[in-house]
Amino acid sequence: VWGSKTDYYQTNVLGSVNIIKACQQLAIRSLVYTSSPSVTFSGQDENAINETQPYAKRHLNHYSASKAVAEQLILEANKHNNLATVALRPHLIWGPDDPHIVPRVIAKARAGRLKLVGAIDKLVDTTYVDNAAYAHILAALTLTTQPKRCAGKSYFISNDQPITMADMLNKIIACVDLPVVTKRVPSAIAYGVGALLEACYLLLNKKQEPMMTRFVARQLATSHYFDINAAKKDLGYLPLVSIEEGMQRLQASLS
């Protein structure tokens with residue numbers, strides 16, 4: 001969630017441009033792109049939105065801004081030089097060997113720094129890693145066998161089990177027998193702290209990620225769950241692993 005505009009642009013935007021060129025030069029006919037639901041996120045609640053939701057007019061970090069540009073490039077490349085493309089937007093991928101969400105949540109909980117943001121629990125969608133992989137396989141199969149069903153489209157992907165952020169965080173830390181987190185920080189304070197830390201880190205040219213950012217503050221304080229009927233209809237996607245089963249697998253991997 002934190003980094004320079006140049007780094008994100010080179011990786012996500014120029015990287016996508018190079019992938020498209022390589023596909024065209026090598027006569028590769030199908031391209032499944034891993035996008036992000038953050039392309040539509042502007043800091044407001046997203047309640048059961050679908051793919052008709054427009055791209056955010058204002059992004060809270062360089063990651064989501066660069067992913068939005070990249071996704072549009074991928075979808076615009078559809079049918080150019082016989083290339084069929086599709087973009088998937090899996091939300092909050094987690095599971096065994098997760099290098100991002102799970103270790104950060106556990107580390108903050110162990111340090112006593114994990115807090116809930118906002119006075120009201122909001123619903124969010126998550127995606128167990130096997131389900132994310134399964135969606136990509138289905139998209140590839142559909143794109144190569146029935147391209148008219150999905151080519152040129154984007155799809156939200158999730159476990160289709162909206163859960164409160166508090167419940168999700170506490171389920172993760174329960175996997176390592178840590179106590180339930182109940183302490184809360186007002187969303188306005190979290191956002192203000194994030195903005196202040198971002199400014200300080202930029203001023204001091206610090207490369208590590210701030211303890212809080214505006215994007216994270218808004219993500220933790222708002223709802224973001226999705227209508228995935230399009231993926232079900234066009235790709236035949238249904239989650240294979242529930243949150244409950246996924247947590248059992250996660251706990252086993254951490255023990």
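- The CD1 atom of Ile243 lies 12.0 Å from the CG atom of Leu250; values are rounded to the nearest 0.5 Å.
- Under 3.5 Å, the side chains of Asn47 and Asp45 contain no donor-acceptor pair of N or O atoms.
- Under the 4.5 Å side-chain contact rule for hydrophobic residues, Val124 and Leu220 share a cluster.
- Around OH of Tyr55, the count of heavy atoms belonging to other residues, nucleotides or ligands within 6.0 Å exceeds 12.
- For the pair Ala221 and Lys122, the tightest heavy-atom approach, listed with the atom from each and the gap, is O-CG, 3.5 Å.
- Under the 4.5 Å side-chain heavy-atom criterion for Ile, Leu, Val, Met, Phe, Trp and Tyr, Phe41 and Val69 are members of distinct hydrophobic clusters.
- Annotation for Tyr134 and Gly236: closest pair OH-O, 4.4 Å, computed over non-hydrogen atoms.
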Under 3.5 Å, sequence neighbours excluded: what are the donor-acceptor pairs made by side chains of residues 101-120?
{"residue": "Arg104", "atom": "NH1", "partner": "Glu209", "partner atom": "OE1", "Å": "2.9"}
{"residue": "Arg104", "atom": "NH1", "partner": "Glu209", "partner atom": "OE2", "Å": "3.1"}
{"residue": "Arg104", "atom": "NH2", "partner": "Glu209", "partner atom": "OE1", "Å": "3.1"}
{"residue": "Lys108", "atom": "NZ", "partner": "Met211", "partner atom": "O", "Å": "3.2"}

Evaluation steps, side-chain contact (heavy atoms from CB on, under 4.5 Å), between Leu83 and Leu31: CA-CA 7 Å; Leu83 177 63; Leu31 174 60; 4.1 Å; yes
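- A salt bridge does not link Glu71 to Lys67: none of the charged nitrogens lies less than 4.0 Å from a carboxylate oxygen.
- Between His91 and Gln219 the shortest heavy-atom distance is NE2-OE1, 4.1 Å.
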How far apart are the C-alpha atoms of Asn61 and Ser64, what are their side-chain angles, what is the distance that settles it, and do they pass the side-chain contact (heavy atoms from CB on, under 4.5 Å) test? CA-CA 6 Å; Asn61 63 4; Ser64 56; 2.8 Å; yes
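- Shown here for Ala190 and Val185, the closest heavy-atom pair between the two residues is N-CG1, 4.1 Å.
- The CG atom of Leu123 sits 13.0 Å away from atom CD of Glu46, with the distance rounded to the nearest 0.5 Å.
- Under a 3.5 Å cut-off, the side chain of Thr144 and the backbone N or O of Ser30 do not form any donor-acceptor pair.
- When only modelled atom types and interatomic distance are considered, Asn131 and Asn159 share a side-chain donor-acceptor pair under 3.5 Å.
- Counting non-hydrogen atoms of other residues, nucleotides and ligands closer than 6.0 Å to CG of Asn18 gives a total above 12.
- Among all heavy-atom pairs drawn from Arg89 and Ser154, the shortest one is NH2-OG, 3.3 Å.
- Here Val193 pairs with Ile189, Leu197, Met212 under the side chain to side chain contact (heavy atoms under 4.5 Å, CB included) rule; sequence neighbours left out.
- Side-chain contact check for Met168 versus Gln161: every heavy-atom pair is 4.5 Å or farther apart.
- Using a 4.5 Å heavy-atom cutoff, the side chains of Met247 and Trp94 are in contact.
- Contact of the Pro96 side chain with the Tyr128 side chain is registered, since non-hydrogen atoms from C-beta on lie closer than 4.5 Å.
- Ion pairing between Glu198 and Arg214 holds under the 4.0 Å rule for side-chain N and carboxylate O.
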Apply side-chain contact (heavy atoms from CB on, under 4.5 Å) to residues Ser4 and His62 and explain how you reach the verdict. CA-CA 7 Å; Ser4 72; His62 299 310; 5.8 Å; no
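- When the side chains of ILVMFWY residues are joined at heavy-atom separations under 4.5 Å, either directly or via intervening members, Leu92 and Tyr237 end up in a single hydrophobic cluster.
- With rounding to the nearest 0.5 angstrom, the OG atom of Ser253 is 12.0 Å from the CD atom of Gln248.
- Below 30°, between 30° and 60°, or above 60°: for Tyr63 and Tyr8 the angle between ring planes is above 60°, a perpendicular geometry.
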Using the side-chain contact (heavy atoms from CB on, under 4.5 Å) rule, take Leu60 and Arg58 through it: C-alpha gap first, then chi angles, then the decisive distance, then the call. CA-CA 7 Å; Leu60 296 178; Arg58 180 179 67 93; 3.3 Å; yes
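- When the options Ser35, Ser42, Ser36 are evaluated for a side-chain hydrogen bond (donor to acceptor under 3.5 Å, both in side chains) with Ser38, the one that passes is Ser36.
- Ring planes of Phe226 and Phe156: parallel class, angle under 30° (limits at 30 and 60°).
- When all heavy atoms are compared, the tightest approach of Leu143 to Ala84 is CD2-O, 3.4 Å.
- In terms of hydrophobic clustering, with Ile, Leu, Val, Met, Phe, Trp and Tyr side chains grouped at heavy-atom distances under 4.5 Å, Leu240 and Ile228 are assigned to a common cluster.
- Taking a 6.0 Å sphere around NE2 of His80, one finds it holds more than 12 heavy atoms contributed by other residues, nucleotides or ligands.
- Contact annotation: the side chain of Leu235 approaches that of Leu88 to within less than 4.5 Å [non-hydrogen atoms, C-beta and beyond].
- In the model, Thr164 has no side-chain atom that pairs as donor or acceptor with a side-chain atom of Asp121 under 3.5 Å.
- Of the possible polar contacts, one joining the Ser255 side chain to the Ala252 backbone as a donor-acceptor pair under 3.5 Å is found.
- To the nearest 0.5 Å, atoms NZ (Lys232) and CG (Asp234) are separated by 13.0 Å.
- In Lys171, the NZ atom is not crowded: 12 or fewer heavy atoms of neighbouring residues, nucleotides or ligands sit closer than 6.0 Å.
- Atoms OG1 and NZ, from Thr40 and Lys57 in turn, are 13.5 Å apart once rounded to the nearest 0.5 Å.
- Hydrophobic clustering (side-chain heavy atoms under 4.5 Å, transitive across Ile, Leu, Val, Met, Phe, Trp, Tyr) groups Ile19 together with Leu14.
- Here OG1 of Thr85 is found 12.0 Å from NZ of Lys153. Values are rounded to the nearest 0.5 Å.
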